[in-house]
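Submitted below is the structure of interest, expressed as structure tokens.
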Amino acid sequence: MESSLAMFLYPLLLSLSLSLFVFLLLRATAGRRRRLPPGNLGLPFLGETLQLISAYKTENPEPFIDDRVSKYGAVFTTHVFGEPTVFSADPDTNRFILQNEGRLFESSYPGSISNLLGRHSLLLMRGSLHKRMHSLTMSFANSAIIRDHLLLDIDRLVRLNMDAWTGRVLLMEEAKKITFQLTVKQLMSFDPCEWTENLMKEYMLVIEGFFTIPLPIFSTTYRRAIQARGKVAEALSLVVRERRRESERGERKNDMLAALLDEEGGGGGFSDEEIVDFMLALLVAGYETTSTIMTLAVKHLTETPLALAQLKEEHDEIRARKVEEEAALEWEDYKSMPFTQCVVNETLRVANIISGVFRRAMTDVTIKDGYTIPKGWKVFASLRAVHMDHHHFKDARTFNPWRWQNSSGTSNNSMNVFTPFGGGPRRCPGAELARVELSVFLHRLVTQFSWMPAEQDKVIFFPTTRTQKRYPIIVRRLEPVEAM
Ligand code: HEM
Ligand SMILES: *[C@@H]1O[C@H](CO)[C@@H](O)[C@H](O)[C@H]1NC(C)=O
Ligand SMILES: *[C@@H]1O[C@H](CO)[C@@H](O)[C@H](O)[C@H]1NC(C)=O
Ligand SMILES: *[C@@H]1O[C@H](CO)[C@@H](O)[C@H](O)[C@H]1NC(C)=O
């Protein structure tokens, strides 16, 4: 009896323990292969989108990230904008994501944006074509080109616009006008005129469509944006065709379009459609970003009078060295603005115009601490979270340009965690240009005007970083500084 029971029991126990063993083994390996970062997927469909949006619509969006980082760690799982997403507030993980562009991750934009940008936009390109276009863009916005060609135009166009300022000025609108005119000049050598004005009107309708639902039936804004895109593309194709004919006759302008059209400039062999999409992408990439950073620099300086006074002193000195009062700003002048560069960095750090970048995992990717991001999942590398982290920047949430005076502004300067322009193969090719544009803008502003805010205004972060009222200020023209 006993032995038969044993005979019956042992195999059962054995098979039970075996299957338990197999189960545990499977779970362990499965766990090791696909252990998601901890987090909360929130409600079905909506996930945590509403929490994210309501946080980013306030002046202080930090708690959305802070709460999750303290609960789950710097890399966590959430569910936003219709998809499960791994959110990284960790500089090492961010660097890993950015550096592995094209190998483990690829850029990923919402449908509304990619439809309006066009198939051949640099922002959507991949692989070797992307590499070629990216370096072509770099070669037209590097320091040498800025020094020898662009600086003069930047200074001239900034002055031209400011000459018309009196009384109440919507700073964000003025900054947008300036950056649009600059980009058009840089792309195709046009100075501001009726044609560029009309182009800008249509173009602004395109931008409005970026953060809508990309279905014409649901959204009139989107429908209008698609129509406007057609008009902008048509206007640009006319220019491209004309310039192609000129280039065949041997005429060559010194601008980006010329570089795209001929082999000498690293281009050649692109269709008109490809060139138009490319130009549109550059207009988009440099426009909102640079004009917002100009506006927010002024806002922070206005709220930090000591910094504004020190900045003004630096620029009055530059003006005082000039014989002629209106003399153009030169490269040597730009290179002798140490405090301005601190203001530029600090504005980039606290403003975080691009709060982070979206990517998609091309395969299962194992990251720090053994977590796995499943193939096809969205990833958000948050640049903002790192810039606002007290571990990396002392009193991280205070605007303090002086922090950049010693070393690199971080408390741990061994680690380069300051990445307002992203990193890796998609690092912003306009980074240097944006710095110069902001510096020239500040130079002309503080040497020609005093100002005060016309009303209370606040910064919000959704759908993009901006001030709610376009930052209205009241300007007063200063008496010219006595030349020495
Ligand atoms: C303050 C101003 C600016 C900021 C904060 C900024 C930031 C960024 C960031 C973070 C990226 C990386 C996006 C990603 O990895 O997915 C990027 C890409 C890009 N930026 Fe900028 N940008 C600024 C101004 C400009 C300007 C003036 C230009 C014009 C030349 C420009 C052109 C581009 C282009 C073409 C890309 C796409 C690069 C690629 O995908 O290969 N940006 N920018
Ligand atoms: C420097 O970095 C280490 C590790 O990343 C961190 O523990 C420490 O708090 C940092 N130091 C400062 C002064 O922030
Ligand atoms: C920078 O260094 C100087 C001395 O080299 C010091 O007096 C100053 O307080 C430092 N500033 C900051 C912001 O750390
Ligand atoms: C500003 O930041 C850049 C890194 O993006 C750094 O190379 C540069 O030295 C910083 N400028 C100052 C004045 O600290």
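The figures that follow rest on heavy atoms only: side chains count, while hydrogens, waters and symmetry mates do not. For the single chain, residues carry numbers from 1 onward in sequence order. Counting starts at 1 for both ligands and their atoms, following the listed order.
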From the candidates Pro429, Ser355, Ala297, Cys428, the one that places a heavy atom nearest atom 31 (C) of ligand 1: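 Selected option, by shortest heavy-atom distance: Cys428.
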
Could you find the nearest protein heavy atom to atom 24 (C) of ligand 1 and give me its residue, atom name and distance?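 So the nearest neighbour among protein heavy atoms is Thr289 OG1, 3.5 Å.
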
Is Gln341 close to ligand 4, meaning an N/O of one under 3.5 Å from an N/O of the other?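 No; the residue has no nitrogen or oxygen that sits under 3.5 Å from a nitrogen or oxygen of the ligand.
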
Nearest protein heavy atom to atom 37 (C) of ligand 1, by residue and atom, and its distance?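 Scanning the protein heavy atoms, the shortest distance from atom 37 (C) of ligand 1 goes to Leu123 CD2, 3.4 Å.
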
Looking only at protein heavy atoms, which one is nearest to atom 4 (C) of ligand 1, and how far off is it?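 Sorting protein heavy atoms by distance from atom 4 (C) of ligand 1 puts Phe421 CE2, 3.5 Å first.
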
How far does CG of Leu187 sit from CD1 of Ile275, to the nearest 0.5 angstrom?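 Interatomic distance, Leu187 CG to Ile275 CD1, rounded to 0.5 Å: 11.5 Å.
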
With a cut-off of 4.0 Å, which atoms of ligand 4 are near a heavy atom of Arg435?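 What qualifies from ligand 4 is 2 (O), 3 (C), 5 (O).
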
Testing the 3.5 Å rule here: is there a donor-acceptor pair between the side chains of Gln181 and Thr196?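 No, no side-chain donor-acceptor contact under 3.5 Å.
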
Does any donor atom in the side chain of Thr78 or Glu48 lie under 3.5 Å from an acceptor atom in the other side chain?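 Indeed, the side chains of Thr78 and Glu48 share at least one donor-acceptor pair under 3.5 Å.
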
Considering heavy atoms of the protein only, find what lies nearest to atom 13 (C) of ligand 1 and give residue, atom and distance to 0.1 Å.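 Going atom by atom, the protein heavy atom closest to atom 13 (C) of ligand 1 ends up being Val357 CG1, 3.8 Å.
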
Report the part of Met125 (side chain from C-beta onward, or backbone N, CA, C, O) that has a heavy atom under 4.0 Å from ligand 1; answer both or neither where that applies.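 No part of Met125 is near ligand 1 at this cut-off.
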
Ion pair Lys322/Glu330, N-O distance below 4.0 Å: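 Between Glu330 and Lys322 there is a salt bridge, with a charged N closer than 4.0 Å to a carboxylate O.
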
Rounded to the nearest 0.5 Å, what separates atom CE in Met204 from atom CZ in Phe180?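 Going from the CE atom of Met204 to the CZ atom of Phe180 covers 9.5 Å.
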
Where is the nearest protein heavy atom to atom 40 (O) of ligand 1: which residue, which atom, and how far?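 The closest one turns out to be Arg426 NH1, 2.7 Å.
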
Suppose I only count heavy atoms of Phe418 and a 4.0 Å limit; which atoms of ligand 4 are within that range?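 Result: 2 (O), 4 (C), 5 (O).
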
Contact partition for His134 relative to ligand 1, non-hydrogen atoms under 4.0 Å: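 Near ligand 1, His134 shows its side chain, while the N, CA, C and O stay back.
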
For atom 27 (C) of ligand 1, grab the closest protein heavy atom and report residue, atom and distance to one decimal in Å.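 Going by distance alone, atom 27 (C) of ligand 1 is nearest to Thr290 OG1, 3.4 Å.
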
Numbered atoms and elements of ligand 1 in range of Gly422, under 4.0 angstrom, heavy atoms: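 Going through ligand 1 atom by atom, the ones under 4.0 Å from Gly422 are 10 (C).
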
If we only count N/O pairs under 3.5 Å, is Ser107 in contact with ligand 1?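 There is no such contact.
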
Should Phe421 and Arg435 be marked as a side-chain contact (heavy atoms from CB on, under 4.5 Å) after you check the CA-CA gap, both sets of side-chain angles, and the distance that decides it? CA-CA 11 Å; Phe421 295 103; Arg435 287 175 185 281; 4.0 Å; yes

Counting heavy atoms only, which of Asn345, Val344, Leu348, Thr419 comes nearest to atom 8 (C) of ligand 4?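 Among Asn345, Val344, Leu348, Thr419, the closest heavy atom to atom 8 (C) of ligand 4 belongs to Asn345.
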
What protein heavy atom is closest to atom 33 (C) of ligand 1, reported as residue, atom name and distance in Å?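 The closest heavy atom on the protein side is Ala285 CB, 3.4 Å.
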
Give the atoms of ligand 1, by number and element, whose distance to some non-hydrogen atom of Leu282 is under 4.0 Å.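 Going through ligand 1 atom by atom, the ones under 4.0 Å from Leu282 are 30 (C), 35 (C).
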
Between Glu62 and Arg397, does any NZ, NE, NH1 or NH2 come within less than 4.0 Å of an OD or OE carboxylate oxygen?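 Salt bridge flag = no for Glu62 with Arg397.
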
Looking only at side-chain N and O atoms, does Thr49 offer a donor or acceptor that is under 3.5 Å from a partner on His79?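 No, no side-chain donor-acceptor contact under 3.5 Å.
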
For Glu437, is at least one N or O under 3.5 Å away from an N or O on ligand 1?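 Such a contact does not occur with ligand 1.
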
Enumerate the atoms of ligand 1 whose separation from the nearest heavy atom of Ile354 is less than 4.0 angstrom.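 Listed by number with element: 7 (C), 8 (C), 10 (C).
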
Arg126 contact mode with ligand 1 (heavy-atom cut-off under 4.0 Å):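 Under 4.0 Å from ligand 1, Arg126 contributes no heavy atoms.
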
Could you tell me if Trp451 and Thr302 have a donor-acceptor pair between their side chains, going purely by distance under 3.5 Å?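 Yes, because at least one side-chain N or O of Thr302 sits under 3.5 Å from a partner of the opposite role on Trp451.
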
Counting heavy atoms only, which part of Arg403 comes closer than 4.0 Å to ligand 4: side chain, backbone, both or neither?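 The answer is neither.
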
Kindly give the heavy-atom pair with the smallest separation between Pro472 and Asp457, and that separation in Å.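 Scanning both residues, the minimum pair turns out to be CD-OD2, 3.8 Å.
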
Which atoms of ligand 1 sit under 4.0 Å from any heavy atom of His130?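 Listed by number with element, the hits are 39 (C), 40 (O), 41 (O).
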
May I ask you to decide if the ring planes of Trp404 and Phe393 are parallel, tilted or perpendicular, using 30° and 60° as cut-offs?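 Tilted: the ring planes of Trp404 and Phe393 meet at 30° to 60°.
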
Based purely on interatomic distance, does Arg359 place a nitrogen or oxygen under 3.5 Å from a nitrogen or oxygen of ligand 1?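 Among all N and O atoms of Arg359, at least one is under 3.5 Å from an N or O of ligand 1.
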
For atom 5 (C) of ligand 1, which candidate among Gly430, Ser291, Gly286, Pro420 holds the nearest heavy atom?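 That would be Pro420.
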
Arg360 bridged to Glu83 by N-O distance under 4.0 Å: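 Glu83 and Arg360: salt-bridged.
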
Heavy atom under 4.0 Å from ligand 1: found in Ala431's side chain, backbone, both, or neither?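 For Ala431, there is no contact with ligand 1 at all, from either part.
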
Under a 4.0 Å N-O cut-off, is there an ion pair linking Arg156 with Asp191?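 Asp191 and Arg156: salt-bridged.
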
Derivation and outcome, ring-ring contact (aromatic ring centres under 6.0 Å, His included), residues Phe278 and Phe270: CA-CA 10 Å; Phe278 178 86; Phe270 297 122; 7.7 Å; no

Show the atoms of ligand 4 that are less than 4.0 angstrom away from any heavy atom in Trp404.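 Listed by number with element, the hits are 14 (O).
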
Regarding His390 and Asp395, do their side chains bring together a donor and an acceptor under 3.5 Å, going by distance alone?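 Their side chains do not contain a donor-acceptor pair, so the 3.5 Å distance test is not met.
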
